[in-house]
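In the text below, chain A, chain B and the rest are named by the order of the sequence lines, each starting its count at 1. Scope of the values below: all heavy atoms of this structure, side chains included, with no hydrogens, waters or symmetry mates.
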There are 4 protein chains.
Amino acid sequence: MGRVAEQPDRRQALIRAAFSAIAENGFEGFRLRPIAAAVGIDHSTLHHYFPTKADLIAAVLHHATGQLEGTMRMDLEPAARLRHHLGEIATALTAQPELFIVLDELDRRARRDQSTATTIRDDEQGWRAALATIFEEGVEQRAWSVDLDVDSSVELVIATIKGVRLRPEVAEPVVEQLCGLFSKESGS
Amino acid sequence: MGRVAEQPDRRQALIRAAFSAIAENGFEGFRLRPIAAAVGIDHSTLHHYFPTKADLIAAVLHHATGQLEGTMRMDLEPAARLRHHLGEIATALTAQPELFIVLDELDRRARRDQSTATTIRDDEQGWRAALATIFEEGVEQRAWSVDLDVDSSVELVIATIKGVRLRPEVAEPVVEQLCGLFSKESGS
Amino acid sequence: MGRVAEQPDRRQALIRAAFSAIAENGFEGFRLRPIAAAVGIDHSTLHHYFPTKADLIAAVLHHATGQLEGTMRMDLEPAARLRHHLGEIATALTAQPELFIVLDELDRRARRDQSTATTIRDDEQGWRAALATIFEEGVEQRAWSVDLDVDSSVELVIATIKGVRLRPEVAEPVVEQLCGLFSKESGS
Amino acid sequence: MGRVAEQPDRRQALIRAAFSAIAENGFEGFRLRPIAAAVGIDHSTLHHYFPTKADLIAAVLHHATGQLEGTMRMDLEPAARLRHHLGEIATALTAQPELFIVLDELDRRARRDQSTATTIRDDEQGWRAALATIFEEGVEQRAWSVDLDVDSSVELVIATIKGVRLRPEVAEPVVEQLCGLFSKESGS
DNA sequence: CATGAATGAGACTTCATTCAT
DNA sequence: AATGAATGAAGTCTCATTCAT
């Protein structure tokens with residue numbers, strides 16, 4: 001109501017600045033002062049929005065996970081759906097490199113920070129479930145080239161995606177190859 | 001027999017201590033003083049061995065890459081060779097978790113440090129070549145389930161291994177699944 | 001009336017403390033911690049005012065050069081004006097020994113620090129010009145004992161003053177002697 | 001007797017290296033390790049020759065003062081003798097700049113180090129006496145342009161020389177001007 | 001004579017955080 | 001909401017010196 005008051009997007013601006021800074025320098029070089037400066041406020045003012053550094057990082061975490069929204073084309077057959085999904089990710093990997101770098105850094109941080117780990121795990125539940133569905137349906141439909149284990153396949157896909165974040169330039173052929181291995185059509 | 005001379009490899013001890021510290025806290029929390037303390041020397045003495053922090057990290061880098069020695073059973077058929085190789089890695093992943101955590105951290109650091117990047121890249125050349133040989137021979141012998149692309153398959157394997165470092169507990173089924181996808185024998 | 005706000009010029013206090021410290025120990029023994037302690041603040045707070053040691057020294061430099069204000073009695077004849085001016089300096093030399101010691105140290109530092117050199121050179125321009133005027137007018141009025149060269153005489157005066165900073169106790173007779181040499185009236 | 005033993009000029013080499021280092025960086029930047037390195041020995045070996053840093057500096061002090069040997073042409077008349085002497089110094093000032101820089105630094109150090117002060121004072125006694133003789137003889141012979149005070153004139157000459165060390169490029173005209181002021185011949 | 005290892009004191013600087021205004 | 005001053009802990013690195021070999 002007051003018109004002096006809230007700068008509603010100060011928080012957002014800070015989060016975005018932090019996001020970019022982490023993408024650029026990783027957590028190792030992540031300092032608060034430059035973030036405040038980037039938004040044009042004093043560094044102590046930053047503490048009004050995020051009392052502690054960890055709070056800001058948590059906000060960045062939510063921002064990052066929320067940004068990753070791969071669509072699942074449920075109208076497609078399992079194999080095609082997988083190919084479409086991984087293709088989208090491969091595309092995003094070069095289109096939004098910052099996002100994947102930040103997610104990568106967050107995965108590392110999760111090793112030592114329980115709360116980060118939990119958030120990421122929760123966030124990935126949806127993804128895991130969707131992938132599981134793909135493989136289950138495929139198994140039912142005998143769409144895969146081999147007798148695959150659903151859980152292992154899910155983890156395989158996730159590991160591949162996470163691993164390829166280090167080399168976005170080969171992402172596309174890699175996921176293509178992986179899909180090729182799953183699909184029945186090709187092969188002797 | 002004097003007290004001064006009887007530490008034949010303070011350097012090694014320092015490297016090992018640094019190695020463990022990085023495995024435990026990552027580079028973010030990597031401080032020199034605790035390293036010196038762990039070895040039982042004054043922190044300024046550390047600078048006698050490693051003039052700069054970067055020098056110590058470089059030594060850790062060499063220590064880590066040198067430690068990773070997967071045997072390649074050239075006597076085996078390509079498919080079996082791949083399975084054996086990845087199996088070894090999966091085993092190592094849980095047997096020497098520190099090593100893989102450090103390698104993981106180094107991959108991250110390579111994003112911003114050219115010299116780290118170069119060392120890692122050089123170190124991986126041998127691995128890449130050995131994997132390429134496996135796939136090439138397999139192609140000649142029509143050992144694979146599909147018409148695969150050698151380069152992409154190499155990158156796929158590497159990405160999977162690197163990605164699975166985040167979850168060593170699923171490493172074994174994941175590599176098993178990946179081998180299953182490559183191998184011809186199974187399949188519906 | 002709060003306790004925090006009532007130090008209107010911490011900066012000035014720091015500059016003065018640094019000034020005295022340099023006078024006492026020279027640049028060789030110039031350390032930041034004692035400066036902060038002398039003002040009663042934490043040594044990291046000093047960096048709030050002067051981010052770097054060089055910044056503090058630069059401030060001291062300005063403080064010192066700004067403090068040296070010899071009046072030029074333009075109402076006097078050239079010879080008398082010179083005598084008055086040098087007399088003032090000789091007096092100041094024993095009245096404010098710290099100032100001249102610091103200026104002396106700064107001259108030394110200027111040998112290796114370009115920015116110090118420039119500041120000093122700029123600051124001395126006014127002095128050089130005023131001295132040149134004295135000698136030029138004296139030449140016109142045939143006030144000097146000999147055919148003197150204006151530029152050389154200016155440099156002679158400056159060199160003498162700078163040299164006598166090492167022995168303030170003889171400053172007065174020395175400048176007196178120098179004036180005597182210039183002036184016409186005396187002589188056998 | 002042994003032929004393995006003494007490297008007779010190690011000491012000299014160290015002194016010379018220290019001399020040059022001080023000329024280049026002043027006492028502020030004077031470190032022992034580079035000196036040892038310049039001579040090609042370990043820095044702890046340096047302590048065999050000079051147990052302490054002060055010892056090395058003392059040796060440099062003697063080296064420097066010993067090197068300054070202005071000849072006094074006693075065969076010349078006082079005025080000519082002074083001109084000759086100062087001319088020699090002016091020449092040396094540009095021919096051996098290092099020497100005068102080191103002497104300059106030592107004068108500064110003497111302000112805080114009694115032993116340096118004493119050595120310098122002793123060393124200058126000869127110079128002072130020779131200058132005094134010049135002026136005394138000149139007074140007797142009525143060679144000077146004015147009734148000068150011997151002691152003050154000695155200090156004036158010394159101050160001028162010390163002051164002009166900061167600007168060797170104007171040394172020659174400055175001493176020329178000073179001699180001109182003393183000499184009788186010119187003037188109205 | 002020469003060395004390398006070791007030390008301890010101390011240097012400058014950075015940073016997240018708090019507090020009064 | 002916003003600021004600037006202040007803090008204290010900690011960080012990397014340097015240097016003269018000593019000691020055993």
So which one's nearest nucleotide on DNA chain F is more toward 5', B:Pro34 or D:Ala54?
-> B:Pro34

In Å, rounded to the nearest 0.5 Å, how long is the span from NE2 of B:His43 to CZ of B:Arg33?
-> 4.5 Å

Atom CG of B:Leu32 and atom P of F:dT14: how far apart are they, to the nearest Å?
-> 12 Å

The side chain of C:Lys53 lies closest to which of these nucleotides: E:dT13, E:dT17, F:dG8?
-> E:dT13

Has B:Thr52 got a side-chain N or O lying under 4.0 Å from the OP1 or OP2 atom of F:dC13?
-> yes

Check the surroundings of atom CZ in D:Arg112: do more than 12 heavy atoms from other residues, nucleotides or ligands lie under 6.0 Å from it?
-> yes

Measure the distance from CZ on B:Arg11 to C1' on E:dG4 and round it to the nearest whole Å.
-> 14 Å

Between F:dG4 and C:Arg10, is there an OP1 or OP2 to side-chain N/O distance shorter than 4.0 Å?
-> no

Tell whether D:His48 reaches the base of E:dA2 with its side chain through a donor-acceptor pair below 3.5 angstrom.
-> yes

C:Arg33 side-chain N/O to E:dC12 phosphate OP1/OP2 under 4.0 Å | no

Round to the nearest Å and state the distance from B:Glu28 atom CD to E:dT14 atom C1'.
-> 16 Å

In whole angstroms, how far is the P atom of F:dT12 from the CZ atom of B:Phe27?
-> 13 Å

D:Tyr49 side chain N/O closer than 4.0 Å to the phosphate oxygens (OP1, OP2) of E:dA2?
-> yes

Of E:dT13, F:dT18, F:dT12, the nucleotide closest to the side chain of B:His47 is F:dT12

Check the distance between E:dA5's C1' and B:Gln12's CD and give it to me in whole angstrom.
-> 17 Å

When rounded to whole Å, the CG to P distance for the pair C:Leu56 and E:dT13 reads 10 Å

Taking only Lys NZ, Arg NE, NH1 and NH2, and the carboxylate oxygens of Asp or Glu, determine whether B:Arg16 and B:Glu98 approach each other closer than 4.0 Å.
-> no

By nearest-heavy-atom nucleotide on DNA chain E, the more 5' of C:Phe50 and B:Thr45 is B:Thr45

Gap between atoms CG and C1', on A:Asp42 and F:dA1 respectively (whole Å) = 12 Å

Confirm from the modelled atom types if A:His43 and E:dC15 form a donor-acceptor pair under 3.5 Å, side chain to base only.
-> no

Under a 4.0 Å N-O cut-off, is there an ion pair linking C:Glu105 with D:Arg109?
-> no

G-U wobble or Watson-Crick pairing nucleotide for E:dT18 (cut-off 3.5 Å, both distances) | F:dA5

Minimum side-chain heavy-atom gap D:Leu68-D:Asp123 below 4.5 Å | no

Atom-pair distance (CZ on A:Arg31; P on E:dT17), nearest Å = 12 Å

